[in-house]
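Here is the structure we will look at.
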Number of protein chains: 2
Amino acid sequence: MAMAKKSTLVLVAERAGVSIASVSRVLNGLPASDRVVESVRAAARDLGYVPDATARSLKVGKTEQVALAVADVGNPVYVAMMHEISRVIAKDGYRLVLSSTGGAAQDEIDLLDNLNRGFADGLILSPLRVTDDLVARLRESRLPIVIIGSLPDGVELDNVRADSVRGVGLAVKHLAKQGRRQIAFINGPIDTVPGAARLGGYLRAMAKRELVVHPDAQVYASDFTFKAGLEAAESLISQFTPDAIVCANDLLAVAAMKVITRRGLSVPGDIALVGMDDTDIAELANPSLTSVNLGSVARARAAAKLLLRRLNDPGAPVKQIVIEPRLTIRESSIGPAQAATS
Amino acid sequence: MAMAKKSTLVLVAERAGVSIASVSRVLNGLPASDRVVESVRAAARDLGYVPDATARSLKVGKTEQVALAVADVGNPVYVAMMHEISRVIAKDGYRLVLSSTGGAAQDEIDLLDNLNRGFADGLILSPLRVTDDLVARLRESRLPIVIIGSLPDGVELDNVRADSVRGVGLAVKHLAKQGRRQIAFINGPIDTVPGAARLGGYLRAMAKRELVVHPDAQVYASDFTFKAGLEAAESLISQFTPDAIVCANDLLAVAAMKVITRRGLSVPGDIALVGMDDTDIAELANPSLTSVNLGSVARARAAAKLLLRRLNDPGAPVKQIVIEPRLTIRESSIGPAQAATS
DNA sequence: CTGTTAGCGCATTCAA
DNA sequence: TTGAATGCGCTAACAG
């Protein structure tokens, strides 16, 4: 009740007049006589006893913590994932410890070293760039790791990813159906896993529909942020006038929206816009943003469950899960282009 | 190098031909002969030895972890704070463990119990609602706690808060200067600390400028989210037509922006808009959103440093820091109302 | 059902 | 400088 100093099993045992083993048993719900249970409970209550997590961890070899490492905490898609992972693992008594990396592969390698100190029981990692070195370290890791995002072929690690090639395809298909022909693409850095995949998806989808890809119709933002998106959109618009733009994520799309309206053009009247990730900001945007839902929350949940599974069964077979994308249609892409209308 | 099974001090000691004490010393940089240092280093490297964090924690009584509990992980302002705190404490070797609470005081009390298990060395807490019970538990806590947000008078806890009364004042003053007279207010729940403070600020600022507060000019969103903001804005607009609205945070403001434009009105032409928190979305919004910067990042940094200070010096005097607000003016509030212009 | 005991892996005191 | 020994607080054998 009152600000107890710090009681341990021994203190409780003394007060209850039993052995420390009995205290431990009672507190862990193991069989004990009513008399013992009662006295232990009372003693523990009186002393304000709280079991020590560190000591328990050392003994049982589990920290009840899961580490999460994502590249960009500023990106709403990661926030949503973080939230979901936290929710899922909490149900199994795990806490979430955040390990922010700058997106550089080296940061992630450092993290792995650190992880091996055993401050967490497992890791969920969403790397932006996957180097050979990183892959090598990943395989060597002593504890369970689940990767969110694509991995090179042949890498046998639990992993859950989105089919972003198909995702971009959905966007292009939708825009084409609305009668758009000049479909540009604002991508993030091409040397990232999502950047490369989304570019591939764009090119394939355009080819499939026999839409011509104007050389000036693709630009790359220096990273997946709003700020970089502004620059990229400026550079795109100043050299080419599309009637639609697919953006590699929602932040880039919102940036494009801003640049477009700033130029006196309208969305979707002059230029239709589709983002990716379907984050909260797609809903907030004005007009609201059509976006490819890559199942971020579903991926997060799947990753968390995969990790929990492996934590409970280290020998389980490696599992790779692909989440299918779907399109969330909102205002930014509806209707034909104004030019076509008039 | 290769996937070492799991080496401990003893293993390293054996291989190096010294005692475990020497290994411990070398690895912690304590004085030792060159010969010993060298052989230990070599052995450790060969074995891929990594010290165990849990064992170290148990021994030294420190986990090197700081817990952070915020009400709503979905709110960008908390994300920004989280990020900053993580950055600051990482420099001192601390990790961040996330403890999401639902915003209910009971969740926070549960968290405190949990904290006393010692999985972290300290806590940074930003409670939405401060009950007497919570305050009582806060005082009893065995480990250092820093509160972000206002506390009842007389509660002696390290704490850093924003002067949101003045913050709202800045917003009202700015709008009044632009010639707006019918300044409405969209608040969050009134039973929260920020909700209560911001309402007070609004009323005081309006009174100070002798602006009349129409009874229908204030509405309360059921929480500080975009969705709740839509409802609140609808209900406001349908009963009253202001020429400006101050919103208790950016999410509510963006929601209001959407409702306003959906009605065919313009921002800031018909209605000027000011948000609070000055989060990323203020920049993204279209038009960009004028917002009261409550120094979220500064508060986060101050809180982190306060906690680190107390961790290093448990006897330090309690410190309470107030961060001054400032206004970030953007497009949503610039210029006179259209009616006034025409 | 209960008590005694042995570590988990490490930092640290105390002797040597 | 170095090694042997102790114990952080707890759980899990093992006896009784």
Side-chain angles (χ1 to χ4, degrees), chain A residues 4-41 43-44 47-65 93 114-121 142-143, chain B residues 4-41 43-44 47-65 93 114-121 142-143:
Chain A
K5 193 68 189 102
K6 160 100 160 268
S7 44
T8 69
L9 273 191
V10 251
L11 272 314
V12 178
E14 278 173 9
R15 190 168 226 271
V18 299
S19 73
I20 63 169
S22 291
V23 177
S24 176
R25 286 193 199 98
V26 171
L27 267 31
N28 290 355
L30 295 177
S33 70
D34 291 355
R35 199 180 47 74
V36 172
V37 170
E38 202 172 335
S39 63
V40 168
R41 289 252 166 80
L47 269 49
Y49 171 75
V50 182
D52 183 87
T54 306
R56 182 173 214 287
S57 290
L58 179 59
K59 183 60 191 174
V60 304
K62 283 167 161 293
T63 60
E64 316 240 87
Q65 296 191 149
N114 221 275
L115 234 214
N116 280 328
R117 299 173 106 89
F119 69 81
D121 299 334
R142 270 196 275 296
L143 18 80
Chain B
K5 194 66 189 108
K6 160 100 161 266
S7 45
T8 70
L9 271 192
V10 253
L11 270 315
V12 177
E14 278 174 9
R15 189 165 225 273
V18 299
S19 73
I20 63 168
S22 291
V23 177
S24 177
R25 285 192 200 98
V26 171
L27 267 31
N28 290 359
L30 295 178
S33 69
D34 291 355
R35 200 180 45 75
V36 172
V37 170
E38 202 173 334
S39 64
V40 168
R41 290 253 167 80
L47 268 49
Y49 172 75
V50 182
D52 183 87
T54 306
R56 183 172 214 289
S57 290
L58 178 59
K59 184 62 190 174
V60 305
K62 281 168 164 295
T63 61
E64 317 240 83
Q65 296 190 150
N114 220 274
L115 233 213
N116 279 330
R117 299 174 108 86
F119 70 81
D121 299 334
R142 270 196 275 296
L143 15 81

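Residue numbering restarts at 1 for every chain, and letters A, B, ... go by the order of the sequence lines. Everything quoted here is computed from the prediction, not taken from an experiment.
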Identify the two heavy atoms, one from [X] and one from [Y], that lie closest to each other, and give their separation to 0.1 Å.
| X | Y | answer |
| --- | --- | --- |
| A:Ser19 | A:Ala13 | C-CB, 3.8 Å |
| B:Asn116 | B:Arg142 | OD1-N, 3.5 Å |
| A:Ala120 | A:Leu143 | O-CD2, 3.2 Å |

Problem - A:Ser24 (side chain) donor-acceptor with A:Ile20 (main chain) under 3.5 angstrom - result: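 The answer is no, because no donor-acceptor pair under 3.5 Å joins these two groups.
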
Practice task
Using modelled atom types only, decide if a donor and an acceptor are shared between the side chain of B:Ser57 and the backbone of A:Thr54 within a distance under 3.5 Å.
Solution key: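 No.
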
Handout entry: Summary of salt bridge (Lys or Arg N to Asp or Glu O under 4.0 Å) pairs that have at least one residue in residues 48-64 of chain B, sequence neighbours excluded
Key =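 Of all non-adjacent pairs touching residues 48-64 of chain B, none passes salt bridge (Lys or Arg N to Asp or Glu O under 4.0 Å).
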
Practice task
Any pair with a residue in residues 8-23 of chain A that passes salt bridge (Lys or Arg N to Asp or Glu O under 4.0 Å), sequence neighbours left out, goes on the list, sorted by first then second residue, please.
Solution key: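 Non-adjacent pairs meeting salt bridge (Lys or Arg N to Asp or Glu O under 4.0 Å): A:Arg15-A:Asp46.
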
N/O contacts under 3.5 Å, protein versus nucleotides 10-14 of chain D?
unit_1: D:dC10; atom_1: OP1; unit_2: A:Tyr49; atom_2: OH; d: 2.3
unit_1: D:dC10; atom_1: OP1; unit_2: A:Asp52; atom_2: N; d: 3.1
unit_1: D:dC10; atom_1: OP2; unit_2: A:Leu9; atom_2: N; d: 2.5
unit_1: D:dT11; atom_1: OP1; unit_2: A:Asn28; atom_2: ND2; d: 3.4
unit_1: D:dT11; atom_1: OP1; unit_2: A:Arg56; atom_2: NE; d: 3.1
unit_1: D:dT11; atom_1: OP2; unit_2: A:Ser24; atom_2: OG; d: 2.9
unit_1: D:dT11; atom_1: O2; unit_2: A:Lys59; atom_2: NZ; d: 3.2
unit_1: D:dA13; atom_1: N6; unit_2: A:Arg25; atom_2: NH2; d: 3.4

Exercise for the section: Please list, in 5' to 3' order, the outermost nucleotides of DNA chain C lying under 4.0 Å from any heavy atom of chain B. Expected result: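 First and last nucleotides in contact are C:dG9 to C:dT13.
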
Problem - Partners meeting salt bridge (charged side-chain N to carboxylate O under 4.0 Å, His left out) with B:Arg25 (sequence neighbours left out) - result: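 Per chain and number, B:Arg25 pairs via salt bridge (charged side-chain N to carboxylate O under 4.0 Å, His left out) with no residue.
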
Exercise for the section: Sequence neighbours left out, what passes side chain to side chain contact (heavy atoms under 4.5 Å, CB included) with B:Leu27? Give chain and number order. Expected result: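 With sequence neighbours excluded, B:Leu27 shows a side chain to side chain contact (heavy atoms under 4.5 Å, CB included) to B:Leu9, B:Val23, B:Val40, B:Tyr49, given in chain and number order.
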
Problem - Degree of bending, the helix from C:dC1-D:dG16 to C:dA16-D:dT1 (end axes from five pairs; round to 10°) - result: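 Helix axis angle between the two ends: 40°.
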
Exercise for the section: Under the side-chain hydrogen bond (donor to acceptor under 3.5 Å, both in side chains) rule, collect the residues that match up with B:Asp121, sequence neighbours excluded. Expected result: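 Per chain and number, B:Asp121 pairs via side-chain hydrogen bond (donor to acceptor under 3.5 Å, both in side chains) with B:Thr63.
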
